[in-house]
Student: 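Below is a structure I'd like to ask you about.
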Amino acid sequence: QVQLVESGGGLVQAGGSLRLSCATSGRTFSTYAMGWFRQAPGKESEFVAAIMWSGGSLYYADSVKGRFTISRDNAKNTVYLQMTSLKPEDTALYFCAHRPTKYSSGPYYSLPEYDYWGQGTQVTVSS
């Protein structure tokens, strides 16, 4: 069974930084692309970033490009999201998602293109 557990969220002032982690189990992590999404209250989920299985191709939403960095550590079965220069509009529940097929090439901007996701970690940015 695939499991994803996010951590690292919290309350931070505008301009601050956070590093989110997503620990996975149940699949051969190194062969799957991963994504990060977020959902603010009253809004639909929004693509944030994705990293392909090789780690060589990265994709970002325009709203976070230049501020957020996605990375992965295959030895730890973990994907990360480094967030800098945070803004109040970044406030949301952040969750990671797992692609259903191995060695797939992206990009994958839509949550239905993933088959598992975690419960999320809350990020709140105060002004």
Side-chain angles (χ1 to χ4, degrees):
Q1 183 177 357
V2 177
Q3 291 187 321
L4 300 93
V5 180
E6 300 90 345
S7 61
L11 174 63
V12 63
Q13 288 188 333
S17 299
L18 283 173
R19 187 195 195 202
L20 306 184
S21 300
C22 170
T24 75
S25 61
R27 283 177 174 162
T28 307
F29 176 75
S30 62
T31 61
Y32 290 88
M34 299 291 297
W36 281 98
F37 289 78
R38 65 187 182 186
Q39 187 168 20
K43 295 187 177 181
E44 294 186 354
S45 60
E46 173 189 22
F47 170 80
V48 175
I51 184 168
M52 296 305 101
W53 65 273
S54 65
S57 296
L58 311 177
Y59 303 93
Y60 297 96
D62 288 342
S63 58
V64 307
K65 203 170 292 183
R67 300 188 298 121
F68 291 11
T69 303
I70 188 172
S71 62
R72 64 191 299 156
D73 185 337
N74 289 339
K76 295 182 179 180
N77 294 341
T78 300
V79 60
Y80 303 97
L81 186 68
Q82 178 68 51
M83 306 186 295
T84 63
S85 301
L86 282 161
K87 304 174 181 180
E89 51 263 43
D90 293 319
T91 295
L93 181 69
Y94 286 72
F95 55 98
C96 60
H98 207 302
R99 277 282 300 163
T101 54
K102 293 184 179 182
Y103 307 117
S104 52
S105 57
Y108 305 103
Y109 297 128
S110 174
L111 191 57
E113 295 181 287
Y114 300 78
D115 63 345
Y116 285 96
W117 46 89
Q119 294 294 314
T121 184
Q122 179 67 36
V123 171
T124 302
V125 184
S126 63
S127 57

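No experiment lies behind these values; they were computed from the predicted model shown. Note that the numbering runs from 1 along the sequence shown for the chain.
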Student: Which value, rounded to the nearest 0.5 Å, describes the distance between Gln13 atom CD and Leu11 atom CG?
Tutor: 8.0 Å
Student: Looking at every heavy atom in both Gln119 and Leu93, which two are closest together, and how far apart are they?
Tutor: O-CD2, 3.6 Å
Student: Between the side chains of Thr101 and Arg99, is a donor N or O closer than 3.5 angstrom to an acceptor N or O?
Tutor: yes
Student: Would you confirm whether Tyr60, through its side chain, and Arg67, through its main-chain N or O, come within 3.5 Å as a donor-acceptor pair?
Tutor: no
Student: Is the ring centre of Trp53 less than 6.0 Å from the ring centre of Tyr32?
Tutor: no
Student: Between His98 and Tyr114, is there a side-chain heavy-atom distance shorter than 4.5 Å?
Tutor: no
Student: With a 3.5 Å distance limit and no angle check, can you tell me whether Thr91 reaches the backbone of Val125 through a side-chain donor-acceptor pair?
Tutor: yes
Student: Within the side chain of Glu6, is there an N or O that forms a donor-acceptor pair under 3.5 Å with the backbone of Cys96?
Tutor: yes
Student: Leu81 and Ile51: same hydrophobic cluster, using ILVMFWY side-chain contacts below 4.5 Å?
Tutor: yes
Student: Tell me, with the steps shown, if Tyr59 and Tyr108 meet ring pair (Phe, Tyr, Trp, His ring centres under 6.0 Å).
Tutor: CA-CA 9 Å; Tyr59 303 93; Tyr108 305 103; 8.1 Å; no
Student: Can you list the steps and then say if Ile70 with Met34 is a side chain to side chain contact (heavy atoms under 4.5 Å, CB included)?
Tutor: CA-CA 9 Å; Ile70 188 172; Met34 299 291 297; 5.6 Å; no
Student: Give, for atom CD of Gln1 and atom CD of Gln3, the distance between the pair rounded to the nearest 0.5 Å.
Tutor: 5.5 Å
Student: Closest approach of Thr121 and Gly8, non-hydrogen atoms and distance?
Tutor: OG1-N, 4.0 Å
Student: Verify the cluster assignment for Leu111 and Phe47: are they in a single hydrophobic cluster under the rule of side-chain heavy atoms below 4.5 Å apart?
Tutor: yes
Student: Check Pro88 against Ser127 and note the closest heavy-atom contact, atom names and distance.
Tutor: CG-CB, 3.8 Å
Student: Which atom names give the shortest non-hydrogen contact between Ser71 and Val79, and what distance separates them?
Tutor: O-CG2, 3.2 Å
Student: Would you say Gln82 and Ser17 make side-chain contact, with heavy atoms under 4.5 Å?
Tutor: yes
Student: Honestly curious: do Trp117 and Val64 fall in one hydrophobic cluster under the side-chain, below-4.5 Å linking rule?
Tutor: no
Student: Could you tell me whether a side-chain N or O of Ser54 sits under 3.5 Å from a main-chain N or O of Gly56, the two making a donor and an acceptor?
Tutor: yes
Student: Against the six-membered ring of Phe29, is Arg72 placed for a cation-pi contact (under 6.0 Å from the centre, within 45° of the normal)?
Tutor: yes
Student: Side chains of Arg38 and Ser63: closer than 4.5 Å at any heavy-atom pair?
Tutor: yes
Student: Should Asp62 and Lys65 count as an ion pair when the cut-off is N to O under 4.0 Å?
Tutor: yes
Student: With a 3.5 Å distance limit and no angle check, can you tell me whether Thr24 reaches the backbone of Asn77 through a side-chain donor-acceptor pair?
Tutor: yes
Student: Kindly say whether Gly106 contributes a backbone atom to a donor-acceptor pair with the side chain of Tyr109 at under 3.5 angstrom?
Tutor: no
Student: Testing the basics here: between Gly9 and Leu20, what is the closest heavy-atom pair and its distance to 0.1 Å?
Tutor: N-CD2, 3.6 Å
Student: List the atom of Leu86, the atom of Leu18, and the distance in Å for their closest heavy-atom pair.
Tutor: CD1-N, 3.9 Å
Student: Which residue is it: Tyr94, Tyr80, Trp36? I am looking for the one with a side chain to side chain contact (heavy atoms under 4.5 Å, CB included) to Cys22.
Tutor: Trp36
